[in-house]
Structures are given as C-alpha cells and as structure tokens.
Peer 1: 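Following this message is one structure expressed as structure tokens.
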Amino acid sequence: MPFTDILFFVFAALALICAGLVILNRNPVTSAMFLVLTIVSLAGLFVLLNAFFLAAIQILVYAGAVMVLFLFVVMLLDLKTEQRQKIKLFGIIGGVISVGAVIAIFLRSLYVTKPGAELAKAEAVGDTVSLGKMLFSSYVLPFEIVSVLLLVAMVGVILLSKKELK
Amino acid sequence: MNVGLEHYLTVSGLLFALGLFGVIVRRNVLVMYMCLELMLNAANLALVAFSRFTNNLNGQVFVFFIITVAAAEVAVGLALIVALYRKKQTAHVEELTTMKL
C-alpha cells in the first residue's frame, strides 16, 4: 500500500470521527473545536487530491475566519445553561431513518455506476498559478460578482447587528 | 487496493450523512449551523475528488466560489442568530415558535 493511501485513510478516519464528535458533544465550544479538526483533515485530503491552493484556502478561511466567528458567537451568547438538553427519542429515530435512507441511496448508486478507479496522470494540478489563471480569464465575471456579494453580506451583517432595527 | 474516486465519494457521502444527522438530532441553533457547514464541506470534497479524477480544474474553481459564498453566508447567519438571541434570549429551536399559528 503506497504512503499516500495510508495518509488518505488516516485523514478520512480523522474527518469522520471528528464530525461524529461535533454532533455528540453537548458543549458548543467543544463542537466548534472538533469542527476545526474536521476541516483541517479535509484540507489534508485536498492536498492528497493535488488541490494545494484550496487546502490553503480551506485552512485560512474555514479553520481561521469562519471558526473564529463561530467561537466568538458561542462565547457571546453564553450557552452554558443549555448544555443539559435531553435529545429526544423521536428525533433520533427520525434522524437514523432519514440518514440511513440517504446512505443507502448513495452507496447503491455508487455500487451500480462503478466510477473508473484508475488514477489519471496528474496533469491538472490545482496550484495557485493555474487556478489564478482560470479565475482571471474564464471566470472573471463570477469572481467580480462574488466580490459584490461579499460587500452585500458585510453591509447586511452591520445592519442586522445594530441595536435597533428600523 | 488503490485509493480511487469511490473512496473519496464514500467519505464525502458519510460526511454529508453525519451533517444531516446533526441537523435533525441537535436542537441548538449554533450546533445545527455547524452541521450545515459539515454538509457544505462534504460537497466540496466530492467536487475536488471529481476534479482530480477527471483532470479538470473547473471543479476546484467551483469549490473556491463555494468557500467564498459560505463565508458570507456564515457571517449573515450568525448575525441573524445573535439578533434572534437578543430578542428571545434562547438558542433552542423548539422555543423559537413565533411563526406558529
């Protein structure tokens, strides 16, 4: 078994275990920490898939900016009193049934289609140069629209977090 | 056994299922929001895997846009949660029933 395959299994197991712990933990701060671990191991999987730029962006934007925002809000709201919420039995049954259905459909379709397993030779490497060239040539318009979207989100957040909405 | 596309897709599907399970089971708005992020990340992983195994960078550009939009979405959503908390003093979904008839 090549070294990259071992790395794949390590990162995949880490991502799934930490995702499970995000759900199982009662304390929102611990959940957020495990979400950071999940995101970092997904960045490791991105590196294995030759998506180096996206791995860096994943850590910078998700594990950095987004999770800081999450932790900030969790600590701002002071959710300590809500730690001892009982999980409803009905919710668990419904969740298990619907998630089992999703997994069954997914694995069934994967088994039927059998995607080609051969690893193509890595011609398309997602480094900063090639992705940047694509972003500024064929994807210029979406890129600019996304910048406007970020501005809109910023204005919206400022308006929403004002003391009194008028 | 070589790690192929189906392995990555299986991990992505399981991650998505875990996120869905969290959204259904947990009753805390913030944790539900974190599980939504899990589902977004599962979709990202599937896109990057397809991009790698078809030798096509378009999928990675798409993931770049998804990450950007997700960052904006998280900011707006958390601001909404804070505004809601200020009004209702709770982050528990079963107590947020203003729209119930």
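Sequence lines set the chain letters: A, B, ... in the order given, protein chains first and strands last, and positions in each chain run from 1.
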Peer 1: What is the minimum heavy-atom distance between A/Arg26 and B/Arg26, and which atoms define it?
Peer 2: O-NH2, 3.8 Å
Peer 1: Does the pair A/Thr4 and B/Val3 meet the rule for a side-chain contact (heavy atoms from CB on, under 4.5 Å), with working shown?
Peer 2: CA-CA 9 Å; A/Thr4 49; B/Val3 170; over 6 Å; no
Peer 1: Linking I/L/V/M/F/W/Y whenever their side-chain heavy atoms sit closer than 4.5 Å, directly or via other members, would A/Ile105 and A/Ile97 fall into one cluster?
Peer 2: no
Peer 1: Grab the two heavy atoms, one from B/Leu18 and one from A/Gly20, that are nearest each other, plus how far apart they are.
Peer 2: CD1-N, 4.0 Å
Peer 1: Looking at B/Asn58, B/Asn56, B/Val23, which one has more heavy-atom pairs under 4.5 Å with chain A than the rest?
Peer 2: B/Asn58
Peer 1: With a 4.5 angstrom heavy-atom cut-off, which part of A/Val152 approaches chain B: side chain, backbone, both or neither?
Peer 2: neither
Peer 1: Where does A/Ala65 contact chain B at under 4.5 Å (heavy atoms): side chain, backbone, both or neither?
Peer 2: neither
Peer 1: Between B/Glu37 and A/Tyr62, is there a side-chain donor-acceptor contact under 3.5 Å, judged purely by atom types and distance?
Peer 2: yes
Peer 1: Output the option from A/Val146, A/Leu69, A/Leu54, A/Val102 having the highest count of non-hydrogen pairs under 4.5 Å with chain B.
Peer 2: A/Leu54
Peer 1: Which bit of B/Val31 comes within less than 4.5 Å of chain A, counting heavy atoms only: side chain, backbone, both or neither?
Peer 2: side chain
Peer 1: Can you tell which part of A/Ile39 gets under 4.5 Å to a heavy atom of chain B, answering side chain, backbone, both or neither?
Peer 2: side chain
Peer 1: Please look at B/Asn44 and chain A and tell me whether the side chain, the backbone, both or neither of the residue comes under 4.5 angstrom of a heavy atom of that chain.
Peer 2: both
Peer 1: Would B/Leu9 and A/Phe106 count as a side-chain contact (heavy atoms from CB on, under 4.5 Å) if you check the C-alpha gap in whole Å, the side-chain angles of each, and the deciding distance to 0.1 Å?
Peer 2: CA-CA 9 Å; B/Leu9 289 186; A/Phe106 179 78; 4.1 Å; yes
Peer 1: Would you say A/Met33 has more than 12 foreign heavy atoms packed within less than 6.0 Å of its CE?
Peer 2: no
Peer 1: Does A/Phe136 share a hydrophobic cluster with B/Phe62, counting links as ILVMFWY side-chain heavy atoms below 4.5 Å and allowing steps through other members?
Peer 2: yes
Peer 1: Among B/Leu78, B/Leu38, B/Leu14, which residue has the highest count of heavy-atom pairs closer than 4.5 Å to chain A?
Peer 2: B/Leu78
Peer 1: Does any backbone or side-chain atom of A/Ala32 lie under 4.5 Å from a heavy atom of chain B? Answer side chain, backbone, both or neither.
Peer 2: both
Peer 1: For the interface with chain B, which of A/Leu149, A/Asn25, A/Val99, A/Leu49 has the highest count of heavy-atom pairs at distances below 4.5 Å?
Peer 2: A/Leu49
Peer 1: Can B/Asn41 and A/Thr38 be said to form a side-chain contact (heavy atoms from CB on, under 4.5 Å), step by step?
Peer 2: CA-CA 9 Å; B/Asn41 272 301; A/Thr38 312; over 6 Å; no
Peer 1: As a quick check of understanding, evaluate side-chain contact (heavy atoms from CB on, under 4.5 Å) for B/Leu15 and A/Leu42, giving each step before the final call.
Peer 2: CA-CA 10 Å; B/Leu15 207 60; A/Leu42 277 177; 3.8 Å; yes
Peer 1: In terms of hydrophobic clustering (I, L, V, M, F, W, Y; side-chain heavy atoms under 4.5 Å; direct or indirect links), are A/Leu76 and A/Val74 co-clustered?
Peer 2: yes
Peer 1: If you count heavy-atom pairs within less than 4.5 Å of chain B, which of A/Gly156, A/Ser138, A/Gly95 leads?
Peer 2: A/Gly95
Peer 1: With a 4.5 Å cut-off on side-chain heavy-atom distances among I, L, V, M, F, W and Y, is there a chain of contacts connecting A/Leu14 to A/Ile59?
Peer 2: no
Peer 1: Nearest 0.5 Å, what's the CG-CG distance between B/Leu30 and A/Leu71?
Peer 2: 10.0 Å
Peer 1: Nearest 0.5 Å please: distance from the CG atom of A/Leu160 over to the CD1 atom of B/Ile81.
Peer 2: 11.5 Å
Peer 1: Report yes if some heavy atom in the side chain of A/Ser98 is under 4.5 Å from a heavy atom in the side chain of B/Ile24; otherwise report no.
Peer 2: yes
Peer 1: Please look at A/Phe72 and chain B and tell me whether the side chain, the backbone, both or neither of the residue comes under 4.5 angstrom of a heavy atom of that chain.
Peer 2: neither
Peer 1: So, the side chain of A/Tyr139 versus the backbone of B/Val61: is there a donor-acceptor pair under 3.5 Å, distance only?
Peer 2: no
Peer 1: Can you say whether A/Phe53 sits under 4.5 Å from chain B via the side chain, the backbone, both, or neither, judging by heavy atoms?
Peer 2: side chain
Peer 1: Could you grab the distance from atom CD of B/Gln60 to atom CD1 of A/Ile57, nearest 0.5 Å is fine?
Peer 2: 12.0 Å
Peer 1: For A/Val157, is it the side chain, the backbone, both, or neither that has a heavy atom closer than 4.5 Å to a heavy atom of chain B?
Peer 2: both
Peer 1: From A/Ser130 OG over to B/Leu57 CG, what is the distance, rounded to the nearest 0.5 angstrom?
Peer 2: 5.0 Å
Peer 1: By a 4.5 Å heavy-atom criterion (distance strictly below it), what part of A/Ile103 contacts chain B: side chain, backbone, both, or neither?
Peer 2: side chain
Peer 1: Once you round to the nearest 0.5 Å, how far does CG of A/Leu48 lie from OH of B/Tyr8?
Peer 2: 4.5 Å
Peer 1: Is B/Phe65 in contact with chain A via its backbone, its side chain, both, or neither, using a 4.5 Å heavy-atom distance?
Peer 2: side chain
Peer 1: Say whether A/Ile17 and A/Val40 are linked into one hydrophobic cluster, either directly or through other cluster members, by side-chain heavy-atom distances under 4.5 angstrom.
Peer 2: yes
Peer 1: Relative to chain A, which segment of B/Leu40 carries a heavy atom at a distance below 4.5 Å: side chain, backbone, both, or neither?
Peer 2: side chain
Peer 1: Give the member of B/Val48, B/Leu20, B/Val74 that has the highest number of heavy-atom pairs under 4.5 Å with chain A.
Peer 2: B/Val48
Peer 1: Going from CZ on B/Phe64 to CG on A/Leu131, what distance comes out if it is rounded to the nearest 0.5 angstrom?
Peer 2: 8.5 Å
Peer 1: Check the orientation of A/Phe8 and B/His7. Use parallel for under 30°, tilted for 30 to 60°, and perpendicular for over 60°.
Peer 2: perpendicular
Peer 1: Looking at B/Val11 and A/Leu16, what are the two nearest heavy atoms and their distance?
Peer 2: O-CD2, 4.1 Å
